[in-house]
2 protein chains.
Amino acid sequence: MTQANEPMTQDTMTIREMCDLFDVTPRTLRFYESKELLFPIREGQKRLFTRRDRARLKLILRGKRFGFSLEEIRQLLDLYYAGDQQATQLSRTLDVAAERLADMERQRAELDLAINDLKSQISLVEDMLTHITGHKDAAE
Amino acid sequence: MTQANEPMTQDTMTIREMCDLFDVTPRTLRFYESKELLFPIREGQKRLFTRRDRARLKLILRGKRFGFSLEEIRQLLDLYYAGDQQATQLSRTLDVAAERLADMERQRAELDLAINDLKSQISLVEDMLTHITGHKDAAE
DNA sequence: AGAGAAGCTTACGTTGACGTAAATGGAACG
DNA sequence: CGTTCCATTTACGTCAACGTAAGCTTCTCT
């Protein structure tokens, strides 16, 4: 095992390194820890983030881009990291995940609708524009 | 006396009728007015919502389902109701809409990824479950 | 006339996801 | 040795999108 504390294989990262890597603030990482989304280990006072934390943070940030709440994300993370859970817990988590999946597919359907609507509106307005400007091309 | 109101063409609605029709609260409608998303006319003190307001509210609620902010929705509404705008305004609005569209398509792509990820995670955990429970079917 | 019901305005409260400031402490540098 | 730089904790501030309560008018029904 290469668990050397020395910098050869740097398995853990400081808060600053994390911030630079993921483009978040220290506040955000501490906040996520307080909400039990991350579990950095401590070296004295200071936090050290493991690759596990990095994997989780990656998923957290992706979840956020869809508008999932941190609480919802926490549940998804539980799913991802549920290797040693009990079967009953697991199947309950599966239910949560299935619901989430249904939500996401609904959302995708609506998103598709909205995309098409927006597209047609855009071309509609483009037509108006060419007409207004004396049916010449309206590009600058 | 049951008021037949004014003409037989009742194309304005009271705040309560609006609330019932769209399942929102009065507070919400007043709030949207204060944010210039709706423009009900006034009969004395009271608000009267036109079909234009109803069309806008419909779009507002749809936009909200995607997680658009009210401010973003306001911009989209400007697009929808830009019939009498200037060409320059219109083309600037088109830019906004094009950006939004790009956002939505990015979001759609990510959502697709996430859906697939989640699906595979789910079946993965399902397999774990059947294994844990002694490779019998793990109903309930 | 009195009691509701419905609407209005004003304004403070709430939740989620952090921002930001203040006070503190160890480490590195010149 | 003092200064600067990170990091930490504690705690109040913020923004969006309303909720909710207080207090006032106005209409309607009995």
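Just so we're on the same page: letters track the sequence lines, and every chain starts at 1. Small disclaimer: the values here were computed from a predicted structure and weren't measured.
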Could you pull out all residues at least two apart from [X] that satisfy salt bridge (Lys or Arg N to Asp or Glu O under 4.0 Å)?
| X | result |
| --- | --- |
| B:Arg52 | none |
| A:Arg62 | B:Asp117 |
| B:Lys119 | A:Glu105 |

Point to revise | Whichever hydrophobic residues join B:Leu48 through chains of side-chain contacts under 4.5 Å | key: B:Ile41

Revision key, fill the gap. Those residues at least two apart in sequence (or on a different chain) that pass ring-ring contact (aromatic ring centres under 6.0 Å, His included) with B:Tyr32 are none

Exercise for review: Considering only heavy atoms of chain A and a distance under 4.0 Å, specify the first and last nucleotide of DNA chain C in 5' to 3' order that meet this criterion.
Suggested key: C:dA17 to C:dT20

Review point. Partners of A:Arg27 by side-chain hydrogen bond (donor to acceptor under 3.5 Å, both in side chains), sequence neighbours excluded?
Key: none

Review point. Sequence neighbours excluded, which residues qualify as side-chain hydrogen bond (donor to acceptor under 3.5 Å, both in side chains) partners of A:Glu33?
Key: A:Arg42, A:Arg47

Point to revise | Nucleic acid footprint by protein, nucleotides 4-19 of chain D - heavy-atom cut-off 4.0 Å, B for base, S for sugar-phosphate alone | key: ---SBB-B-----BBB

